[in-house]
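Computed from a prediction, not measured in an experiment: that's the story for all the values here. Heavy-atom basis, side chains included; hydrogens, waters and symmetry copies ignored.
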Amino acid sequence: MELTRIAGLAGALLTAVAVAPAAAQDFKPAVVFDMGGKFDKSFNEGVWNGVKRFSDETGIEVMEFEVTNETQREQAITRMAQRGATLVLGVGFSQADAIDKVAQEYPDKKFAIIDVYWLDQPNLRQYRFEEHQGSYLAGVAAAMASETGTVGFVGGMDVPLIRKFACGYVQGVKATDPDATVIENMTGTTPAAWNDPTKGAELARSQIDRGADVVYHAAGGTGLGVIRAVADAGKLAIGVDSDQNDVAPGSVLTSMLKRVDNAAYDTLMDGKNDEFTSGIVSLGLAEEGVDLVANEENAALMTQEIRAAVDGAKAKIIAGEIEVHNYEDDQSCPF
């Protein structure tokens with residue numbers, strides 16, 4: 001389902017700062033993808049899907065650049081502004097410092113960034129997703145699908161955002177099966193951790209050797225190795241960001257959707273329509289910003305019993321009856 005207009009989202013925290021409008025025909029958008037490439041079948045590709053939808057609907061070309069090393073981020077954002085972009089969308093928290101600096105240098109242009117919420121520029125929109133809520137649902141599904149009582153989690157770069165995924169997942173698992181064991185591993189401490197499928201496969205196999213029969217990843221391109229290793233072992237994987245069933249059909253229990261496609265689409269459309277606002281937009285279950293995949297392709301794995309439990313937990317989270325702990329609030333996970 002599509003998100004409603006950004007300005008009307010319940011729970012969205014928007015600073016009502018209008019940015020100088022420009023005629024639609026003068027609108028020149030750009031996007032800077034991060035490490036792993038726009039076709040990583042995960043986070044970047046989710047953004048790409050939103051960009052493509054915008055271009056398909058409007059006929060407006062979106063300039064783009066794919067970062068391949070850390071030094072390119074500021075250069076790429078600056079280059080887009082110099083090339084005449086009127087709105088630049090940055091993908092991922094690793095671009096925070098770069099976009100913050102460039103937004104100050106080009107106050108007459110609009111900027112937006114996904115997975116950042118701590119900056120303060122009057123021409124910058126920031127998106128914060130409630131990944132812990134969606135990960136809680138993934139934990140419920142994993143605990144119910146597990147036959148061994150042991151499940152796994154493989155993260156990409158060891159940063160608070162990925163700990164946020166992990167903690168929500170552990171809470172969901174433990175709420176469903178208090179006796180369950182969750183094995184957690186992070187891939188690394190540098191951006192290279194997002195694009196190391198070989199290491200992802202090694203970590204997944206190690207967890208399987210220790211009894212895990214369902215493994216959830218939040219590791220970008222590294223996660224492709226996780227999913228394939230889990231499938232090769234005859235176990236179940238849980239994908240992230242996009243529907244990753246096609247990576248290993250029949251072996252992906254579900255995927256935790258993070259609707260970065262809608263964030264990208266709405267940002268570009270708002271820019272085109274002179275409706276761009278700055279500030280922080282928070283997207284959780286209530287705003288349909290995160291969710292689990294449940295469709296015909298995974299119906300055999302996501303049984304009616306599992307779906308009912310997931311739907312019940314989702315309703316309680318939205319109603320405030322279940323509070324999912326956010327690791328980013330206190331840098332701790334009490335489960």
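- A donor-acceptor contact shorter than 3.5 Å is absent between the side chain of S206 and the backbone of E202.
- Applying the side chain to side chain contact (heavy atoms under 4.5 Å, CB included) criterion to L119, with sequence neighbours excluded, gives A96, I99, D100, V116, L124, Q126.
- Screening residues 297-335 for disulfide (SG to SG under 2.5 Å), with sequence neighbours left out, gives C167-C333.
- When the side chains of ILVMFWY residues are joined at heavy-atom separations under 4.5 Å, either directly or via intervening members, V151 and V252 end up in two distinct hydrophobic clusters.
- Partners of W194 under the ring pair (Phe, Tyr, Trp, His ring centres under 6.0 Å) rule, at least two apart in sequence or in another chain, do not exist in this structure.
- Between the R307 side chain and the M302 main chain, a donor and an acceptor come within less than 3.5 Å of each other.
- With T303 contributing its side chain and I306 its backbone, the two residues share a donor-acceptor pair below 3.5 Å.
- Using modelled atom types, one finds no donor on one side chain facing an acceptor on the other under 3.5 Å when comparing T187 with D196.
- Chaining together hydrophobic side chains whose heavy atoms lie under 4.5 Å apart leaves Y327 on its own.
- Other residues, nucleotides and ligands place no more than 12 heavy atoms under 6.0 Å from the CD atom of E305.
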field: Residue pair H325, H132: steps toward the side-chain contact (heavy atoms from CB on, under 4.5 Å) verdict
entry: CA-CA 7 Å; H325 182 78; H132 55 304; over 6 Å; no
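- A salt bridge links E131 with K258: the distance from a Lys NZ or Arg NE/NH1/NH2 to an Asp or Glu carboxylate oxygen falls below 4.0 Å.
- The distance from the CG atom of D34 to the CD1 atom of I114 is 11.0 Å, given to the nearest 0.5 Å.
- Taking CZ of F111 as the start and CZ of R125 as the end, the distance is 14.5 Å to the nearest 0.5 Å.
- The CZ atom of R210 sits 6.5 Å away from the CG atom of N185 when rounded to the nearest 0.5 Å.
- Applying the side chain to side chain contact (heavy atoms under 4.5 Å, CB included) rule to E297 yields the partners D243, N245, N295; only residues at least two apart in sequence or on another chain are considered.
- Side-chain atoms of Q121 do not come within 3.5 Å of backbone N or O of Q104 as any donor-acceptor pair.
- How far CG of L203 is from CE of M186: 11.0 Å, rounded to the nearest 0.5 Å.
- Partners of K101 by salt bridge (Lys or Arg N to Asp or Glu O under 4.0 Å), not counting sequence neighbours, listed by chain and number: E74.
- For L301, the side chain to side chain contact (heavy atoms under 4.5 Å, CB included) partners two or more places apart in sequence, or in a different chain, are L236, L253.
- A donor-acceptor pair shorter than 3.5 Å can be found between the side chains of S146 and D213.
- Residue pairs satisfying the side-chain hydrogen bond (donor to acceptor under 3.5 Å, both in side chains) criterion with at least one member in residues 247-257, sequence neighbours excluded, are absent.
- One finds a salt bridge joining K52 and D56 here, because a Lys/Arg side-chain nitrogen approaches an Asp/Glu carboxylate oxygen to under 4.0 Å.
- Using a 4.0 Å cut-off between a side-chain N of Lys or Arg and a carboxylate O of Asp or Glu, R259 and D291 do not qualify as a salt bridge.
- Residues V32 and Q95 approach most closely at O-NE2, 3.0 Å, considering heavy atoms.
- Hydrophobic cluster of L257: the remaining members, joined at side-chain heavy-atom separations below 4.5 Å, are V293, listed by chain and number.
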- prompt: Going through the checks in order, is the side chain to side chain donor-acceptor pair (under 3.5 Å) test met by D241 and S42?
  reply: CA-CA 5 Å; D241 295 334; S42 187; 3.1 Å; yes
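- With sequence neighbours left out, F335 forms a ring pair (Phe, Tyr, Trp, His ring centres under 6.0 Å) with no residue at all.
- With sequence neighbours left out, E328 forms a side chain to side chain contact (heavy atoms under 4.5 Å, CB included) with Y117, R128, P160, L161, K164, N326.
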field: side-chain contact (heavy atoms from CB on, under 4.5 Å) evaluation trace for F27 with T58
entry: CA-CA 11 Å; F27 181 58; T58 65; over 6 Å; no
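- In this structure Y169 satisfies the ring pair (Phe, Tyr, Trp, His ring centres under 6.0 Å) test together with Y216, sequence neighbours excluded.
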